Number of protein chains: 2
Amino acid sequence: MDKKDFRASLILTATHLFAERGLNGVSIRELSTAAGVSISMISYYFEGKEGLYSSVLEEQFSCFEYMQTIKDRESEPLDKIEEYIRWSIQRNRDYPHLLRYYTSELTNPTRYFGIIVQPALEKALHILIDIIKEGITKKQFRDELNPEDTALAMAGMVNYYFLSSLATQKFINILPERDEELIRHYMDIFTRGILSQALPAPL
Amino acid sequence: MDKKDFRASLILTATHLFAERGLNGVSIRELSTAAGVSISMISYYFEGKEGLYSSVLEEQFSCFEYMQTIKDRESEPLDKIEEYIRWSIQRNRDYPHLLRYYTSELTNPTRYFGIIVQPALEKALHILIDIIKEGITKKQFRDELNPEDTALAMAGMVNYYFLSSLATQKFINILPERDEELIRHYMDIFTRGILSQALPAPL
DNA sequence: GTCTATATTGCGATAGAC
DNA sequence: GTCTATCGCAATATAGAC
């Protein structure tokens, strides 16, 4: 951090602060002070506060490219779904601020939603939808499923776990030590449901 | 709106604007102009911008009290879960801005998170957890289920559908006309899973 | 109750010295 | 590249007239 790389220092500090309080909740004064850098450096490196914010967004959302790797994998749809869940959870561990930008942009979009956030989310979701469709085609998944809704249900289940953590941390342990258990549990609910015995009729 | 009730007019306008751009994204100048009221009325009625915001929050989150009605209902756990899904979806229809405050506060909490948002979410979630527990006790749900994770999965599935709508509206129809289909579909996924046949072993 | 006018503070951006 | 000093503007809040 004190390695003279002021640009990197600004990105790092901004990533923390913007995640906590949003684009409008942080002033470049506070930000530059926290980064140990002069306020004018933000204009110098990023052409202003919004430029810094967009650089943070781009860095954060670049990890969504990994979905392409899952798509290209030579494996069965169910295994791809497990890999998606595993990757989603690990993504929240590796990028602890990403979900904040994610949902902050979904609820209070900035001008960068359309050029950075939306394309990343849309591509990831379409890959997930295609995995569901493949499973239906291969008769491994029930053919009554609506692929779009099903993919959203899957994504929602995993993401909401982390999204709600601020409200649940008093009574739910969200530490990484439970991640493997969580993966098995969510795979189990998503594939087999919660009922102790199969219902008589479909849908 | 033009019925001289400036207080109500301010609440209504604020509900729209704060939902769209967050507490820090809206100025009281813009807000009072949009409401057709003088800027000083905000201090007069709400003791400032934050007071107005907290009034909006309280109004929005009051609808969570309905969860108590579901809890007190004399019906089976599975029916309560369906009622929860139905209420959740209808809640998003009746209070189209609520989810914005909900997730905005979860990701960028204001000082009102702890006193308004968190208690409402926590109570609703605990009721959902108790419904799952009751289902397990009555042997209607599988006893391997972790009630907390299961309740979160349920809540996440439904809420994420609306949360992600800004990113999905181009290819998913989120109009109310599909709500009944969605309810059946999510009940189906949650209770029976996605597999075309039961897996051999539990968990 | 409602307004206009204003006090005061903090904002983002940048000119210019080094 | 980096800093300090400052400009111009917009923010919230409020005093005081009506």
Side-chain angles (χ1 to χ4, degrees), chain A residues 1-59 101 104-105 108-113 115-116, chain B residues 1-59 101 104-105 108-113 115-116:
Chain A
M1 174 94 99
D2 57 352
K3 57 175 145 55
K4 273 289 179 49
D5 195 343
F6 285 1
R7 191 180 191 280
S9 172
L10 279 170
I11 290 262
L12 194 65
T13 308
T15 302
H16 277 78
L17 290 179
F18 285 146
E20 271 173 15
R21 305 208 295 275
L23 172 58
N24 295 315
V26 187
S27 75
I28 57 170
R29 276 186 155 75
E30 174 188 8
L31 208 158
S32 55
T33 303
V37 167
S38 161
I39 189 175
S40 55
M41 289 296 92
I42 291 172
S43 281
Y44 180 77
Y45 281 118
F46 303 99
E47 292 163 36
K49 183 186 179 179
E50 297 217 334
L52 172 55
Y53 180 79
S54 77
S55 293
V56 170
L57 271 194
E58 279 188 26
E59 189 184 274
Y101 289 103
S104 172
E105 285 285 337
N108 305 127
T110 67
R111 76 169 77 175
Y112 303 105
F113 177 79
I115 51 182
I116 301 177
Chain B
M1 173 94 100
D2 57 350
K3 55 173 145 57
K4 271 288 178 55
D5 196 344
F6 286 0
R7 190 180 191 281
S9 172
L10 278 170
I11 290 262
L12 194 66
T13 309
T15 302
H16 277 79
L17 289 179
F18 285 145
E20 272 174 13
R21 303 207 295 278
L23 173 59
N24 295 313
V26 188
S27 74
I28 57 170
R29 270 183 158 75
E30 175 187 8
L31 210 158
S32 55
T33 303
V37 167
S38 161
I39 189 174
S40 54
M41 289 295 93
I42 292 172
S43 280
Y44 181 77
Y45 282 118
F46 305 99
E47 293 164 36
K49 182 187 182 181
E50 297 217 334
L52 172 54
Y53 180 78
S54 77
S55 294
V56 171
L57 272 194
E58 279 188 26
E59 188 183 276
Y101 290 103
S104 172
E105 285 285 337
N108 304 129
T110 67
R111 76 170 77 177
Y112 304 105
F113 176 78
I115 53 181
I116 300 176

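So that the names make sense, note that chain A is the first sequence line, chain B the second, and so on, each numbered from 1. Values in this document were obtained by computation on a predicted structure and should not be read as measured data. Only this structure's heavy atoms are used, side chains among them; waters, hydrogens and symmetry mates stay out.
A 4.5 Å side-chain heavy-atom check between A/Tyr112 and A/Glu50 finds at least one atom pair inside the cut-off.
For B/Ile39, counting side-chain heavy atoms from C-beta on, the closest listed nucleotide (C/dA5, D/dA5, C/dG1) is C/dA5. Of the listed nucleotides (D/dC3, D/dG1, C/dA13), D/dC3 has the atom at the smallest distance from the side chain of A/Ser38. Set against C/dT14, C/dT2, D/dC3, the side chain of B/Phe6 has C/dT2 as its closest nucleotide.
One atom, CD1 of B/Ile28, and another, P of C/dC3, lie 14 Å apart when rounded to the nearest Å. Distance, B/Phe46 CZ to D/dA13 P: 13 Å, rounded to whole Å. Here D/dA11 presents its C1' atom at 8 Å from NZ of B/Lys49, a figure rounded to the nearest Å. Residue A/Met41 contributes atom CE, which lies 15 Å from atom P of D/dA5 at whole-angstrom precision. A straight line from CG of B/Leu31 to P of D/dA11 spans 12 Å, rounded to a whole angstrom. Rounding to whole angstrom units, CG of residue B/Leu17 and P of D/dA11 are separated by 13 Å. Residue B/Ile42 contributes atom CD1, which lies 13 Å from atom C1' of C/dT2 at whole-angstrom precision. Distance, B/Asn24 CG to C/dC11 P: 11 Å, rounded to whole Å.
Comparing A/Arg29 and A/Ser40 against DNA chain D, the residue whose closest nucleotide sits nearer the 5' end is A/Ser40.
Atoms OG and CD1, from B/Ser43 and B/Ile28 in turn, are 6.0 Å apart once rounded to the nearest 0.5 Å. Rounded to the nearest 0.5 angstrom, B/Met41 CE and B/Leu31 CG are separated by 14.0 Å.
Between A/Tyr53 and the options A/Phe18, A/Phe46, A/Phe113, a ring pair (Phe, Tyr, Trp, His ring centres under 6.0 Å) holds for only A/Phe18.
Contact annotation for B/Ser27: backbone-only contact, meaning every heavy-atom pair under 4.0 Å involves sugar-phosphate atoms and none involves a base.
Side chain of A/Ser32 to main chain of A/Arg29: a donor-acceptor pair is present (N/O by atom type, distance under 3.5 Å, no hydrogens or angles).
Within the structure, every side-chain polar atom (N or O) of B/Tyr44 is placed at least 4.0 Å from both OP1 and OP2 of C/dC3.
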